[in-house]
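For the numbers below, each heavy atom of this structure counts, side chains included, while hydrogens, waters and symmetry mates do not. Order of the sequence lines fixes the chain letters, A, B, ..., with proteins taken first and strands second; residue numbering starts at 1 for each chain.
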Number of protein chains: 2
Amino acid sequence: MVTIKDVAKEAGVSVATVSRVLNENGYVGVDTKKKVLQAIAKLNYSPNEVARSLYKRRSRLIGLLLPDITNPFFPQLARGVEDEVSEAGFRLLLGNSDENVQKELDYIQTFAQNNVVGMISATSHVDYGIYDALNLPLVLLDRISDEYPAVYADGEEGGRLAAETLVEKGAKQITVMKGPSHIKPAQDRYRGAVEALNRSEASYTVMSTTSFSFEDAKGWAEELFAKYPETDAVIASNDMVAIAILHEALQLGKRIPEDLQIIGYDDIPQCSLSYPTLSTVRQPAYEMGRQAARLLMKTINKEQEIEKSIQLPVQLIERNTTRKG
Amino acid sequence: MVTIKDVAKEAGVSVATVSRVLNENGYVGVDTKKKVLQAIAKLNYSPNEVARSLYKRRSRLIGLLLPDITNPFFPQLARGVEDEVSEAGFRLLLGNSDENVQKELDYIQTFAQNNVVGMISATSHVDYGIYDALNLPLVLLDRISDEYPAVYADGEEGGRLAAETLVEKGAKQITVMKGPSHIKPAQDRYRGAVEALNRSEASYTVMSTTSFSFEDAKGWAEELFAKYPETDAVIASNDMVAIAILHEALQLGKRIPEDLQIIGYDDIPQCSLSYPTLSTVRQPAYEMGRQAARLLMKTINKEQEIEKSIQLPVQLIERNTTRKG
DNA sequence: TTGAAAGCGATACCAT
DNA sequence: ATGGTATCGCTTTCAA
């Protein structure tokens, strides 16, 4: 391993000088600088981040904590975060918590132990105070709390949009699926939908679900038609269960969207690959990731005028599981 | 921040002693140990990984380099890797390269700068020698090379399986899609399929594609039916394009699997959410991730008898885009 | 403009 | 069994 010492020796200067050219601070003569640069190039030197991090007590790492990257909504978030932070020279420490407090704590601890400059978390246990002890900038992503800045999409509006659209398109008996109760954004959209529905003429039923997982999606779909066979429109808790419902419906011989309309939530990429293509409420996941990262970096740089939180707009994407016109 | 010094002072011992109890090596009296443990608990101390890493010249971090986490095959791999390494106390530094050499180099460099103990890479530029300078254990994932250990699934067998199955189920005019030429596993499955086809009675055509991306999938589907309208079975280059083809076919009024049979590749989770559900060749992605991580850790621990590479079996999953019996 | 040296928070060797 | 201290590779005063 080539160190700053080797470079110093090669260039015939002190390590202090090398450090100065590395960090472009302090005075350093033009010739000296050139010599150092040459030595660096010759030895193919690149500074040890760990040593830097130790001295400065801050690394160039950012901790990203997700519930489960395997769930198709999160890769987009992650990618947005990564693209933004990497432009600023930061790298990502990644953790999946499975919404399990212990795992979450473990990751938070190791993030701190590695001197991360900040964290972004899309998990649900913020309110347990597990982030409070750490004195680290934290931005919540797709979550909301009173204590920390957050980036999220307008869930109530999303729910409202879905409900109003279905009513408008002639749905008479709507089933709205209520997502897991510990996921706040899921509750927001539910609330938005129900409010809009209450204001309308349509009648509706509520079906509670306790997970967003792939494996369970099919189960929810079956349950829905067993319990509420009259349903002519469903507001699904997310796209995956929407797709499951869609195909369960086809299986049962229903025509989409004539007999049954469906609106999903998230607009994961595979929506346009479903058949029929899925109408959904789009959350700008990639953009959310980017904004969260940007907000975090502003906090890190102690910029003035930092937004407390950022709410991004949602958008109804009409595809083929809702009626036209 | 509470350091080992603080603990030492609190416990009335030297830092050396604290270090000994921390690492459970060297002699330390039972009472002393108790005192230290109490101090640690009282101060809620946890050792600074950065300082450790500096001294030991190795962190507890592992670099994971992926083409694009947004592509549904990779989250599974990533999760397998993470679950395995985290059980051994390691954490993941994540990078997406977009198959771009410069990004790849950047990540590799920062991984090294952060003293990672090893890397896992699922990208395609190994042969450019970009990993050779680094003196780091490397395991390739879903890629193959002569120089480095690798974990991958049996692509040729996968191609063969797909081809034989279709022939057996009465396909007469098969279109086999050839994936991007720089992705070796894609070439393997292509080769396997073509070999099997040549041995059979069926006639076939080849359609080359240059990407696996979501956005392009629909385009490939349209191109396929425009160019080869006679096709009665397709061996898709992966599940995403298979699903795109499936829905394009439905759009065109074809009956699945009567008029057209389709076999995908990978068995990403959404296969069972497509309609009809997609028959495919399953690669055990999660398991591949775990095995790669395990192999890497064996290498790190300099265990004897390390497998050079691991080839995992693929498996044909018959769902509803192939005929029964 | 440059260099010497202290210090970041651990580990491990050498004494005692 | 315990403590003192050099060391890891870098940054940053302080002096010259």
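Around atom NZ of B/Lys302, no more than 12 heavy atoms belonging to other residues, nucleotides or ligands sit under 6.0 Å away.
For B/Asn23 and A/Val15, each mapped to the nucleotide of DNA chain C holding its nearest heavy atom, the one lying further toward the 5' end belongs to A/Val15. When each of A/Met1 and A/Asn25 is assigned the nucleotide of DNA chain D bearing its nearest heavy atom, the one mapping closer to the 5' terminus is A/Met1. Heavy-atom nearest nucleotides on DNA chain C were determined for A/Tyr55 and for B/Glu49, and the one closer to the 5' end corresponds to A/Tyr55.
Within 4.0 Å of A/Val18, counting heavy atoms only, lies no atom of the nucleic acid at all. Across all strands shown, A/Thr17 has heavy atoms under 4.0 Å from sugar-phosphate atoms exclusively, and none from any base. As judged by a 4.0 angstrom heavy-atom cut-off over every strand, A/Lys56 is placed among residues touching the sugar-phosphate backbone only. Residue contacts shown for B/Val50 are absent, as no nucleic acid heavy atom lies under 4.0 Å away. Heavy atoms of A/Thr32 sit under 4.0 angstrom from primed sugar atoms or phosphate atoms, though from no base atom.
The nearest whole Å value for the distance from the CZ atom in B/Arg60 to the P atom in C/dA10 is 12 Å. Between the NZ atom of B/Lys5 and the P atom of C/dT11 there is a distance of 15 Å, rounded to whole Å. For the pair B/Arg57 CZ and C/dA10 C1', the interatomic distance rounds to 14 Å; values are reported in whole Å. To the nearest angstrom, P of C/dT11 lies 12 Å from CG of A/Leu54. Regarding B/Asp6, its CG atom lies at a distance of 9 Å from the P atom of C/dG9, rounded to whole Å. Following rounding to the nearest Å, A/Asn115 (CG) and C/dG9 (P) show an atom-to-atom distance of 9 Å. As a whole-Å value, the separation of A/Arg20 CZ from C/dT1 P is 11 Å.
The main-chain N or O of B/Arg60 is never found under 3.5 Å from a side-chain atom of B/Glu49 such that the two would form a donor-acceptor pair. Side-chain atoms of B/Gln76 never come within 3.5 Å of backbone atoms of A/Thr70 as a donor-acceptor pair (strictly under, hydrogens ignored). Using a distance-only test at 3.5 Å, with no hydrogens or angles considered, a donor-acceptor pair links the side chain of B/Ser59 to the main chain of B/Asn115.
Side-chain N/O atoms of B/Gln283 and B/Asp266 include a donor and acceptor closer than 3.5 Å. Inspection of the B/Ser124 and B/Arg143 side chains reveals an N or O donor paired with an N or O acceptor under 3.5 Å. A donor atom on one side chain and an acceptor atom on the other are found under 3.5 Å apart for B/Tyr131 and B/Glu104.
Protein chain A contacts DNA chain D from D/dG9 to D/dT13, reading 5' to 3' and using non-hydrogen atoms of the protein with a distance under 4.0 Å.
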| said: Would B/Leu92 and B/Val81 count as a side chain to side chain contact (heavy atoms under 4.5 Å, CB included) here? Give the steps. | reply: CA-CA 9 Å; B/Leu92 243 37; B/Val81 171; 4.1 Å; yes
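Using cut-offs of 30° and 60° on the angle between ring planes, the pair B/His125 and B/Tyr128 is perpendicular.
Comparing the helix axis at one end of the helix from C/dT1-D/dA16 to C/dT16-D/dA1 with that at the other, each defined from 5 consecutive pairs, gives an inter-axis angle of 50° (nearest 10°).
Proximity of B/Arg52 to the phosphate of C/dT11: a side-chain N or O atom is located under 4.0 Å from OP1 or OP2.
Both tests pass for A/Arg91 against the ring of B/Tyr107: distance under 6.0 Å to the centre and angle within 45° of the axis.
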